[in-house]
Structure formats: structure tokens, C-alpha cells
Amino acid sequence: FFDENNPADSICVMAYFSASPTGVESFVYTNVNTLSQAHPNPASGTTKINYTLRNDIRAAKLEMHNMLGAKVKTIDLKEKFASLEISLNDLDSGVYFYSLVVDDKTISTKKLVVTK
């Protein structure tokens, strides 16, 4: 938008941006505890599970149980968000449940099918 009949016409637009090394991603990931579906599922060999943790938690872990409720794996979670690659070689074929446990409270539970 300018005046075609006045070649001396001009306009000035200033845009200011604010950026920081943490960015929006840090805000999104650290304000909610989440647990993704395992992929692939059904799985054999390994599977990946993504999680995010709030900033104010004291301790978090991923617990895996078999159909009878027996705990078969526990993984301490040290990062605020990560993608875990979990080996399934030590598990028999079957249905398992994995849970995100934060400060001794189960936040979310998902199902994983292991095939050999």
C-alpha cells in the first residue's frame, strides 16, 4: 500500500521478536504429565514410549505389569521429556500394562502387546 502518484511516498514497518533458548516447547512439555501409546504396538524386540513431566515433580518412573498384575519392569525417569526405547527381549508374548507413576501416584496407564 503506497501512493503510485507520489514516488517519494514511503512506509516503515517494524517487527519485534522475542526468542529464548527454552522456547515454547519447554513451556508445553513442563506443564503437564503425559504418556504416549507405545509404537510399534504390538511389538517384538523393542518399543518406544514418549513421556513429558511437569517441572514441580519430585520423582517419576515407568512401571510395566503383566496381566496378573505382577511388576515386570521399572524405569526411573530422569528427564522432563524423552522418548524411551524399551527392550522387550526379556518378556514373554502377551499383554502388558505400562504406567506413568509421578510422586507415587499413577498418572496414566496404557496397554502394550508383546509378540515373539
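Listed here is the closest heavy atom pair of Leu88 and Thr46: CD1-C, 4.0 Å. Closest approach of Ala43 and Leu112 over heavy atoms only: CB-CD1, 4.3 Å. The two atoms that bring Met67 and Phe97 nearest to each other are SD-CE1, 3.5 Å, heavy atoms only. The two atoms that bring Ala38 and Asn41 nearest to each other are O-CB, 3.3 Å, heavy atoms only. A pairwise comparison of heavy atoms in Lys80 and Ile57 identifies NZ-CG1, 3.8 Å as the closest pair. Closest heavy-atom contact between Asn89 and Gly45: OD1-CA, 3.5 Å.
Between Asn66 and Leu91 there is no side-chain heavy-atom pair separated by less than 4.5 Å. Looking only at side-chain heavy atoms (C-beta outward), Val114 and Ser44 stay at 4.5 Å or farther from each other. The side-chain heavy atoms of Lys116 and Asp92, taken from C-beta on, include no pair separated by under 4.5 Å.
Note that CG of Leu100 and NZ of Lys61 are 11.0 Å apart. Values are rounded to the nearest 0.5 Å. If you take OG1 on Thr52 and CG on Leu35, they are separated by 9.0 Å, rounding to the nearest 0.5 Å. The CG atom of Leu84 lies 10.5 Å from the NZ atom of Lys48; values are rounded to the nearest 0.5 Å. Thr34 OG1 to Asn50 CG: the interatomic distance, rounded to the nearest 0.5 Å, is 8.5 Å.
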Side chains of residues 69-76: which donor-acceptor partners sit under 3.5 Å, not counting sequence neighbours?
from, atom 1, to, atom 2, distance (Å)
Lys71, NZ, Glu63, OE2, 3.3
Lys73, NZ, Ser87, O, 3.1
Lys73, NZ, Asp90, OD1, 3.2
Lys73, NZ, Asp90, OD2, 3.3

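Evaluation of the side chain to side chain donor-acceptor pair (under 3.5 Å) test over residues 96-110, restricted to residues two or more places apart or in two chains, returns Ser99-Thr109.
Hydrophobic cluster membership is shared by Val102 and Leu77, with clusters built from Ile, Leu, Val, Met, Phe, Trp and Tyr side chains linked at under 4.5 angstrom. Residues Met64 and Val101 do not share a hydrophobic cluster, clusters being chains of Ile/Leu/Val/Met/Phe/Trp/Tyr side chains in contact below 4.5 Å.
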